[in-house]
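Here the structure is laid out as structure tokens; the discussion comes afterwards.
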Amino acid sequence: MSTVVNPGLEGVVVGETVLSNVEGEVGRLTYRGYDIHDLAEHANFEEVAHLLLFGHLPTHDELGDFNRRLASRRALPSGLLAMLHAVPRDAWPMDVLRTATSAVAHFVPHRPDGSHETSVDTAVDLIAKFPTIVATWDRMRRGLEPIAPDPKLTTAANFLYMRTGEKPIPEAEKALDTYLVLLADHSYNASTFSARVTASTGADIYCAVTAAVATLAGDLHGGAPAKVMTMLEEIGLPEKAEPYVRDLLARHEKIMGMGHREYKIRDPRAAQLEQMAKNLTEKSHTKWYLIARALEDASNKVLQEAKPGKRIYANVEFYTAPTLSSLGIPSDEFTCMFACGRVAGWTAHVLEQFSHNRLIRPQATYVGPEVHPYEPIGKRHGQNGATNGKSAGANN
Ligand code: COA
């Protein structure tokens, strides 16, 4: 029987989940059966995190309790703050978030003991602390004192407040909140899969989420929106978008924010983000939305000519760039913002993995040398052909 090798696991089903459903052909995303558009419009991030962690949208009382629980866990332990002070100021915020996610485990009184209750408690802790870590580092690297979280504010409003010290306008809070809702979960994407693989070994939720943060960092996953911002800056004017795209493809480079492994039509989250980017950039009088719109049109046109039939359309990262930029968030923090939303999904997936765990351990087809005899050290050939400390050319 011939073995099928699938390096990117494309189309391979490795598990089940009740958390979210990505329907790539029709462009639909649901969390526990709720359409992402309904959630983005009517629910806030805390309600969505509750839905993912506890299985249902909260009642008023449940939401009040959950908000208080999150607010009580936002502050960072002094030991973690001291560690962050020791990090070089030019460190990439995503590297700092990865370090802090791992380090926060040192400062909790008890590591999760494997029970559902302590794992849920850790999940809440991480969801609460991620925005604080990002805002704290944002200020530290600018040489400013961190601002303590305000327990009366929502996750989105509190994040913006901790960056600037000012309560955000309602439009800004709503935009960031909607962004966090849209990013909260996405089935077995690379970082979530990584979290589940780690959890499947019996490692605790801190280890699993640290692995997820590390996996999110790459350009093909959560690193894309910063690159989209670079493109918008390089293009500068809407009319320059098409020649820019043609030039990019002529150099065999990818257009960041375009294409998706699952979606074969436009990512449903792009529509919501586009609307927010439009509203925000109009309010802040920036040009980013107009350039992004021109870039999407140009990309669709040029990709259809250059790669007919490939079905490459805007993904969630595309309008993330003008949205977050209009909120004043620097582009090297975009991936951290993705993590602040996705940590709700990661932790829910880890809990789901724990609830019916089986070690995730795939196989690989061996393509190396046939079995051959072991060479004693004196008989080995180095890379340049030298043997036993003598150069290949020395004929003695
Ligand atoms: N720009 C230009 N060409 C693209 C492209 C893009 N953004 N995305 C895919 N393609 C092309 C590839 O060059 C390839 O063409 P070829 O067959 O002529 O070589 C074909 O489409 C298939 O691409 P591939 O990278 O193998 O598909 P995938 O399923 O692995 O791609 C992504 C998914 C997301 C990795 C890919 O679309 C990509 O790199 N996008 C840019 C990064 C990005 O936005 N990431 C965030 C994802 S949410």
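Heavy-atom basis, side chains included; hydrogens, waters and symmetry copies ignored. In listed order, ligands and their atoms are each counted from 1.
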Below 4.0 angstrom from a heavy atom of [X], which ligand 1 atoms are there? Numbered from 1 as shown, please.
{"X": "L220", "result": "39 (O), 45 (N), 46 (C), 47 (C)"}
{"X": "G257", "result": "43 (C), 44 (O)"}
{"X": "A224", "result": "43 (C), 44 (O), 45 (N), 46 (C)"}
{"X": "N315", "result": "43 (C), 44 (O), 46 (C), 47 (C), 48 (S)"}

Quick one: does [X] get an N or O within less than 3.5 Å of an N or O on ligand 1?
{"X": "E317", "value": "no"}
{"X": "L249", "value": "no"}
{"X": "K310", "value": "yes"}

> Taking atom NZ of K240 as the centre, does the number of heavy atoms from other residues, nucleotides or ligands within less than 6.0 Å exceed 12?
Replying inline: no

Select one of side chain, backbone, both or neither to describe which atoms of [X] lie under 4.0 Å from any atom of ligand 1, heavy atoms only.
{"X": "K254", "result": "both"}
{"X": "L303", "result": "side chain"}
{"X": "H221", "result": "backbone"}
{"X": "M258", "result": "both"}

Got a protein heavy atom sitting under 4.0 Å from [atom]?
{"atom": "atom 13 (O) of ligand 1", "answer": "yes"}
{"atom": "atom 27 (O) of ligand 1", "answer": "no"}
{"atom": "atom 23 (O) of ligand 1", "answer": "no"}
{"atom": "atom 48 (S) of ligand 1", "answer": "yes"}
{"atom": "atom 32 (C) of ligand 1", "answer": "no"}

From [atom1] ([X]) to [atom2] ([Y]), nearest 0.5 Å:
{"X": "R28", "Y": "I265", "atom1": "CZ", "atom2": "CD1", "result": "10.5 Å"}
{"X": "E41", "Y": "D35", "atom1": "CD", "atom2": "CG", "result": "10.5 Å"}
{"X": "T154", "Y": "Y161", "atom1": "OG1", "atom2": "OH", "result": "13.5 Å"}

Among protein heavy atoms, which sits nearest to [atom], and what does the distance come to when rounded to 0.1 Å?
{"atom": "atom 34 (C) of ligand 1", "result": "G259 O, 3.7 Å"}
{"atom": "atom 18 (O) of ligand 1", "result": "K307 NZ, 3.0 Å"}
{"atom": "atom 1 (N) of ligand 1", "result": "I255 N, 2.9 Å"}
{"atom": "atom 30 (O) of ligand 1", "result": "R261 NH2, 3.1 Å"}
{"atom": "atom 42 (C) of ligand 1", "result": "M256 CE, 3.5 Å"}

> Which pairs, with at least one residue in residues 331-355 and sequence neighbours excluded, count as a side chain to side chain donor-acceptor pair (under 3.5 Å)?
Replying inline: T17-E352, R141-D332, R141-E333, D185-H349, N189-R342, S191-W346, R196-H349, R196-E352, R196-Q353, Q353-N357

>> Using side-chain heavy atoms (C-beta onward) and a distance below 4.5 Å, is T281 in contact with K287?
In response: no

> Does a donor on one side chain and an acceptor on the other come within less than 3.5 Å for Y289 and E274?
Replying inline: yes

>> Quiz question: by atom type and distance under 3.5 Å, do the side chains of T59 and D61 form a donor-acceptor pair?
In response: no

Can a salt bridge be assigned to the pair [X] and [Y] using a cut-off of 4.0 Å between side-chain N and carboxylate O?
{"X": "K174", "Y": "E171", "answer": "no"}
{"X": "E242", "Y": "R246", "answer": "yes"}
{"X": "D65", "Y": "R69", "answer": "no"}

> Of the choices V245, V228, I312, which has the non-hydrogen atom that lies closest to atom 21 (O) of ligand 1?
Replying inline: I312

> Of the options L327, L183, T320, L324, which is the one that meets M337 in a side chain to side chain contact (heavy atoms under 4.5 Å, CB included)?
Replying inline: L324

> So, E47 side chain and N44 main chain: donor-acceptor pair closer than 3.5 Å or not?
Replying inline: yes

